[in-house]
Engineer: 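Please find one structure pasted underneath; my questions will follow.
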Amino acid sequence: MFEPWGVLVILIACPLLGGLPLIAWITYALTRKQLSQVGTKNISVSAAFYHGGKFVGILAVLSEAFKGIAAVLLTRLFFPEGSFWELIALIALVIGRYSIGKGAGTTNVVWGFVVHDPLVAVFVSFFAGISFTILQSRQIVKFGVLLLFPLFVIVLHISDYPRIFAAVVLAGLMAWIYAKIPDDMNLPAQEAQTESLAMLEFLRGDCAMVSLDEELDAAIVGEKAATLSQIKRWGYPVPKGWVLAPIDDPKGLTEFLQPSQLSPLVVRSSAIGEDSEQASAAGQYETVLNVTSPEALQSAIAQVQASYNHPSAVQYRRDRGLNDTAMAVLIQQQVQSVYSGVAFSRDPITQQGDAIIIEALPGSPTQVVSGKVTPEQYRAFVIETENSSSVQLEGQGRIPQALIKQVAYLAYQLEKRYHGTPQDIEWSYDGQTLWVLQSRPITTLLPIWTRKIAAEVIPGVIHPLTWSINRPLTCGVWGEFFTLVLGDRALGLDFNETATLHYSRAYFNASLLGSIFIRMGLPPESLEFLTRGAKLSKPSLQSTWENLPGLGKLLRRELSLEKDFKEDYHKRFIPALSELAQENVENLEPAKLLARIDSILELLHRGTYYSILAPLSAALRQAIFRVKDGQIDNSVTPEVAALRSLSAIATDAKQVLLEFEPQQVFEQLKQTPEGEKILQEFDELLQDYGYLSEVGTDISVPTWRENPQMIKQMFVQLMQGNEPQSGAKDAINSIFAGKRKRGFVQRRVDIKGRVTEVYSRLLAELRWSFVALEKIWLKSGLLQKTGDIFFLEFDEVRRLIVDGDSKLIEQLDELVESRRSQFVQDSEFIQIPLLVYGNAPPHPLAPSALYSDQFLQGIGASHGQAEGRVKVLRNLQDVPDIDRDTILVVPYTDSGWAPLLLRAGGLIAEVGGRLSHGAIVAREYGIPAVMDVKGATWLLQDGQRVRIDGSRGIVELSNDLRPE
């Protein structure tokens, strides 16, 4: 039915509706951008996506879809459904959209046609989708649709001539507008909103292109691109970038990016293997700046790709044993630099310390890395506490101090993100944003060796014989655990590389262990968590799933730990230890001593298994069930049991000797029957616990039985002192209350104590066997001095006994003297670095004395607060007088240090955590303790007054008193 009013409404209302600038309003309201003044100046859906982002674009689609649907529904108020007047309304809408609204009206027509003729819309969409998938050409598909939809109208409505005519006119009008109006899709991609890039690339047909917004695989696109992608996804500012994989055709990318003078690009290498932990390949490949045209982009890509086969690059790979792979190309939006430079999160020259090295200049970063211009250099230190962080700078120049501090903190954060791996960072500042241009490992500072855990496992300066026995034992058992979880993926791993000696001290390979833990599906800091209670991040779900069978095997070992140990304890360890104790080593020949040593080492291998698994099991259960330290009874631990016994004997001795001279106590006790009984109890204690030593895991250190002087001194000091503090008694009561309630954890702690006893007794028997062997060789003249045998390695000892190696015998004196000289030299290093970077560390530097408001931060290991004067004790050779005003400062705490804590007011240790020997004993006697205070024996001085908080792990330096 012909309705004049309907025609009038269509011809007036639809153009006005089409010209309504909804997209412009939406974009301005959300982004404050006026589309009529940017880009192509079109007010279109593609412009909204390009300049406003994904959310603005979606709202633009909805607004224009509403217009198209509204035009069709408005027509139906006057004309029958499906009439040709609906197409006339769309034509009027498009005219208004183009003439008034400065847009093509594509979205209006699409959604209006869906309502007008759904069947034709379905057919056209189907064929358009297939064509786009095959041809990957937006232009062809766009004009193809304008041809298809009139054809489908003709086929489905062959007798409806007005509709056919209207469809042809609508298609022709759209084609004419497309030819007239520029498309925002053709603007340079680097200027588009980041969240819209994926859609723009898809609509342009650039499916082969990969951007830095995606998760990239270094094996395909190289470490440089993959690392920048990761950093970008972490939220750090990285310039927009696209990656051309080695096999991709660059043509589509050059058409897509459209570089210009106003929007220059930089083309960089991202070779497979470049910027990796094995090789940096710094300066080996080309970088092309200021690319301002598609032709220049094409040329720059070819230039960068060709640099992979440059003779110097080929020789570089050969020198480092690297395989030839392929070159991916990274294209990024070029930053208009105000200041640029590089930052090293660790000093690559000194290879130690916490200094962040920053080199900077005004302008482009290529000036710094080229080596042709001398940059300004700064040293920065980031001091981070629980609640705050600050940056201290050394150096001055033209670069703003605030910017240098920002760069320092960026380097500090990126190193933390990469689990402590030192980073070489290229950066640029454009006046508003600090951009990350590159981050790669400092290859000369790898692997990272950590003393944190090693200092607890085997502290102090280590003799060659001790290391030649401990290293294969510890590394071998750890290797068994790793192999249990990893299965076939453990093939090729050399677990002996998990530990080494630097400065004659033990260090663990943090880089290798972190890599192994990741492969096991555990966080890289798992070792530190399990032994020291550090924070644990979430592991990768995929890697955890892959290692689930192996982790299940490890869990079964943990669950059967108590049963397995009890069986070995009664059937293997106790009978063997009893037999060893009854055997007189002084009467054995070298061959029999070697057989005895081999049998002990076989037992120690099994003992090492338990000495690793039992503490880890106890720590895990304590963390899972949230059992507090004070609720755990450590009385089974040998040093705790020995201290209790020594304290009880001292209490009885005080009742026998009401008055005594400290230097004459043992002579005075001999004068009465009661005193003789006390001495007999003391001798029995030495027999029971004489296997303990200053360093329980070092067989070169004399045992208490061999050198009882220190225990005698502690005994006298206990007689001079008072009973343990009431706080300690309260703690013990709490312990036993906790034992009844927390038996599930306590059983593992008891096993740990029994394991320590067995392991320490076996090591003592091993030491006594070597001492007996040394006496034989001293008599024969093979060795010259007492202690020489500990400067041999175990394999050398075996060769001397079994083969009588003549060549080794000739060199023996020189070999021992050389090693002794190195040992003495290393022993003189008072302070050694906590972390060693690389395999050839330099002479250790003194730690930087950086304080945060005169506080030192550590790990709170025993609750309570104490104030007193510092007494630095680096070894147990000279035991000082100690009272409740003494705050002991020690490098580490092993079982031999435990008696010192009986009289001290507090404890500060350079290494250790809540589960270390010192922490356990401190909690036993209610003494505040702070562990893991870096450089404490160097930074604190005798007589200096400090306050310690064992709950928060803080050491406060008093300002009113100075060292004595």
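What's counted below: heavy atoms across the whole structure, side chains too, no hydrogens, waters or symmetry copies.
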Engineer: Between Arg798 and Asp803, is there a salt bridge with N-O shorter than 4.0 Å?
Structural biologist: no
Engineer: What heavy-atom pair brings Glu774 and Ile789 nearest, and what distance separates the two atoms?
Structural biologist: OE2-N, 3.1 Å
Engineer: Dump the intermediate steps for side chain to side chain contact (heavy atoms under 4.5 Å, CB included) on Leu856 and Leu939, then the final yes or no.
Structural biologist: CA-CA 10 Å; Leu856 297 177; Leu939 299 174; 4.3 Å; yes
Engineer: According to salt bridge (charged side-chain N to carboxylate O under 4.0 Å, His left out), who are the partners of Arg471, at least two apart in sequence or on a separate chain?
Structural biologist: none
Engineer: Taking C-beta and beyond as the side chain, do Leu486 and Ile516 meet within less than 4.5 Å on heavy atoms?
Structural biologist: yes
Engineer: Does the side chain of Thr608 reach to within under 4.5 Å of the side chain of Ser611, using non-hydrogen atoms?
Structural biologist: yes
Engineer: Specify the closest pair of heavy atoms between Tyr285 and Ala271, including all atoms of both residues, with the distance to one decimal.
Structural biologist: CE1-CB, 3.8 Å
Engineer: Counting distance only, does the side-chain N/O of Thr325 pair as donor-acceptor with the main-chain N or O of Ile272 below 3.5 Å?
Structural biologist: yes
Engineer: Side chain of Gln423, backbone of Ile442: donor and acceptor closer than 3.5 Å?
Structural biologist: no
Engineer: Apply side-chain contact (heavy atoms from CB on, under 4.5 Å) to Thr937 and list each qualifying residue two or more places apart in sequence or on a separate chain.
Structural biologist: Gln831, Val872, Arg874, Val889, Pro891, Glu910
Engineer: Taking only residues two or more places apart in sequence, or in another chain, which ones meet Phe823 in a ring pair (Phe, Tyr, Trp, His ring centres under 6.0 Å)?
Structural biologist: His463, Phe791
Engineer: Contact between Phe770 and Ile597 at the side-chain level, heavy atoms closer than 4.5 Å - yes or no?
Structural biologist: yes
Engineer: Under a 3.5 Å cutoff, is there a donor and acceptor pairing between the side chains of Tyr418 and Gln230?
Structural biologist: yes
Engineer: Is a donor on one side and an acceptor on the other found under 3.5 Å between the side chain of Asn509 and the backbone of Pro447?
Structural biologist: no
Engineer: Applying side-chain contact (heavy atoms from CB on, under 4.5 Å), name anything that partners Ser468, two or more places apart in sequence or on another chain.
Structural biologist: Leu465, Glu793, Phe794
Engineer: Would you indicate whether Glu814, at its atom CD, is surrounded by more than 12 heavy atoms from other residues, nucleotides or ligands within a distance under 6.0 Å?
Structural biologist: no
Engineer: Inspect the contact between Asp813 and Lys785 and indicate whether a charged nitrogen and a carboxylate oxygen are less than 4.0 angstrom apart.
Structural biologist: no
Engineer: Could you check whether the rings of Tyr609 and Phe481 sit parallel, tilted or perpendicular, using 30° and 60° as the cut-offs?
Structural biologist: parallel
Engineer: Go through the structure and list residues passing salt bridge (charged side-chain N to carboxylate O under 4.0 Å, His left out) with Arg767, not counting sequence neighbours.
Structural biologist: Glu706
Engineer: Start with the C-alpha gap between Leu604 and Tyr759, add the side-chain angles, then the distance that decides, and say whether side chain to side chain contact (heavy atoms under 4.5 Å, CB included) holds.
Structural biologist: CA-CA 7 Å; Leu604 275 171; Tyr759 201 75; 3.6 Å; yes
Engineer: With sequence neighbours excluded, what pairs up with Phe790 under the ring pair (Phe, Tyr, Trp, His ring centres under 6.0 Å) test?
Structural biologist: none
Engineer: Kindly say whether Glu817 contributes a backbone atom to a donor-acceptor pair with the side chain of Ser821 at under 3.5 angstrom?
Structural biologist: no
Engineer: Could you walk me through whether Trp449 and Asn839 pass the side chain to side chain contact (heavy atoms under 4.5 Å, CB included) test, one step at a time?
Structural biologist: CA-CA 9 Å; Trp449 299 95; Asn839 290 315; 3.2 Å; yes
Engineer: Can you list everything that forms a side-chain contact (heavy atoms from CB on, under 4.5 Å) with Ser806? Sequence neighbours excluded, please.
Structural biologist: none
Engineer: Does the side chain of Asp788 come under 3.5 Å of the side chain of Trp777 through a donor N or O and an acceptor N or O?
Structural biologist: no
Engineer: Cut-off 3.5 Å, side chains only: do Tyr339 and Ser428 have a donor facing an acceptor?
Structural biologist: no
Engineer: Sequence neighbours excluded, which residues qualify as salt bridge (charged side-chain N to carboxylate O under 4.0 Å, His left out) partners of Asp795?
Structural biologist: Arg799
Engineer: On a heavy-atom basis, which atom in Gly787 and which in Arg820 lie closest, and how many Å separate them?
Structural biologist: C-NH2, 4.2 Å
Engineer: Does one side chain, of Glu480 or His605, offer a donor that lies under 3.5 Å from an acceptor on the other?
Structural biologist: yes
Engineer: Between Asn496 and Thr498, is there a side-chain heavy-atom distance shorter than 4.5 Å?
Structural biologist: no
Engineer: Report yes or no: does Ser270 contribute a side-chain atom to a donor-acceptor pair with the main-chain N or O of Ala225 at less than 3.5 Å?
Structural biologist: yes
Engineer: Output a table of donor-acceptor pairs, distance under 3.5 Å, between side-chain atoms of residues 406-417 and any protein atom two or more places apart or on a different chain; print 'none' if there are none.
Structural biologist:
{"from": "Tyr409", "atom 1": "OH", "to": "Glu384", "atom 2": "OE2", "distance (Å)": "3.2"}
{"from": "Tyr409", "atom 1": "OH", "to": "Gln413", "atom 2": "NE2", "distance (Å)": "2.8"}
{"from": "Tyr412", "atom 1": "OH", "to": "Glu384", "atom 2": "OE1", "distance (Å)": "2.8"}
{"from": "Glu415", "atom 1": "OE1", "to": "Ser345", "atom 2": "OG", "distance (Å)": "2.7"}
{"from": "Glu415", "atom 1": "OE1", "to": "Arg346", "atom 2": "NE", "distance (Å)": "3.2"}
{"from": "Glu415", "atom 1": "OE2", "to": "Arg346", "atom 2": "NE", "distance (Å)": "3.2"}
{"from": "Glu415", "atom 1": "OE2", "to": "Arg346", "atom 2": "NH2", "distance (Å)": "2.9"}
{"from": "Lys416", "atom 1": "NZ", "to": "Glu384", "atom 2": "OE1", "distance (Å)": "3.2"}

Engineer: Any chance the side chains of Gln392 and Arg379 put a donor and an acceptor closer than 3.5 Å?
Structural biologist: no
Engineer: I'd like to check the salt bridge (charged side-chain N to carboxylate O under 4.0 Å, His left out) partners of Asp424; sequence neighbours left out, ordered by chain and number.
Structural biologist: Arg440
Engineer: Without swapping roles, check the side chain of Gln857 against the backbone of Gly953 for a donor-acceptor pair under 3.5 Å.
Structural biologist: yes
Engineer: Using the rule given for side chain to side chain contact (heavy atoms under 4.5 Å, CB included), can you reason through Arg268 versus Val304, listing the C-alpha separation, both sets of side-chain angles and the distance that settles it, and then say yes or no?
Structural biologist: CA-CA 7 Å; Arg268 313 171 67 191; Val304 171; over 6 Å; no
Engineer: So Pro459 and Thr697, do their side chains get closer than 4.5 Å, heavy atoms only?
Structural biologist: yes
Engineer: So, the side chain of Arg505 versus the backbone of Arg451: is there a donor-acceptor pair under 3.5 Å, distance only?
Structural biologist: no
Engineer: Going by heavy atoms in the side chains, are Leu815 and Leu808 under 4.5 Å from each other?
Structural biologist: yes
Engineer: Please report the interatomic distance CD1(Ile231) to CD1(Ile425), rounded to the nearest 0.5 Å.
Structural biologist: 7.5 Å
Engineer: Can you name the residues that form a side-chain hydrogen bond (donor to acceptor under 3.5 Å, both in side chains) with Thr474, not counting sequence neighbours?
Structural biologist: none
Engineer: If the condition is ring pair (Phe, Tyr, Trp, His ring centres under 6.0 Å), which residues does Phe495 pass it with, not counting sequence neighbours?
Structural biologist: Phe482
Engineer: Has the side chain of Lys224 got a donor or acceptor atom that lies under 3.5 Å from a matching backbone atom of Ser269?
Structural biologist: yes
Engineer: Near Asp488 CG, under 6.0 Å, is it more than 12 heavy atoms from other residues, nucleotides or ligands?
Structural biologist: no
Engineer: Minimum heavy-atom separation for Pro841 and Val836, please, with both atom names.
Structural biologist: CB-CG1, 3.5 Å
Engineer: Ignoring hydrogens, what is the shortest heavy-atom contact between Asp805 and Lys807? Give both atom names and the distance.
Structural biologist: OD1-N, 3.1 Å
Engineer: Counting only N and O atoms by type, is there a donor-acceptor contact under 3.5 Å from the side chain of Tyr503 to the main-chain atoms of Gln825?
Structural biologist: no
Engineer: Cut-off 3.5 Å, side chains only: do Tyr507 and Thr450 have a donor facing an acceptor?
Structural biologist: no
Engineer: Before giving the answer on side-chain hydrogen bond (donor to acceptor under 3.5 Å, both in side chains), spell out for Thr444 and Tyr837 the whole-Å C-alpha distance, their side-chain angles and the decisive distance to 0.1 Å.
Structural biologist: CA-CA 8 Å; Thr444 58; Tyr837 297 92; over 6 Å; no
Engineer: What pair of heavy atoms forms the shortest contact from Ser700 to Asp698, and how long is it?
Structural biologist: OG-OD1, 2.7 Å
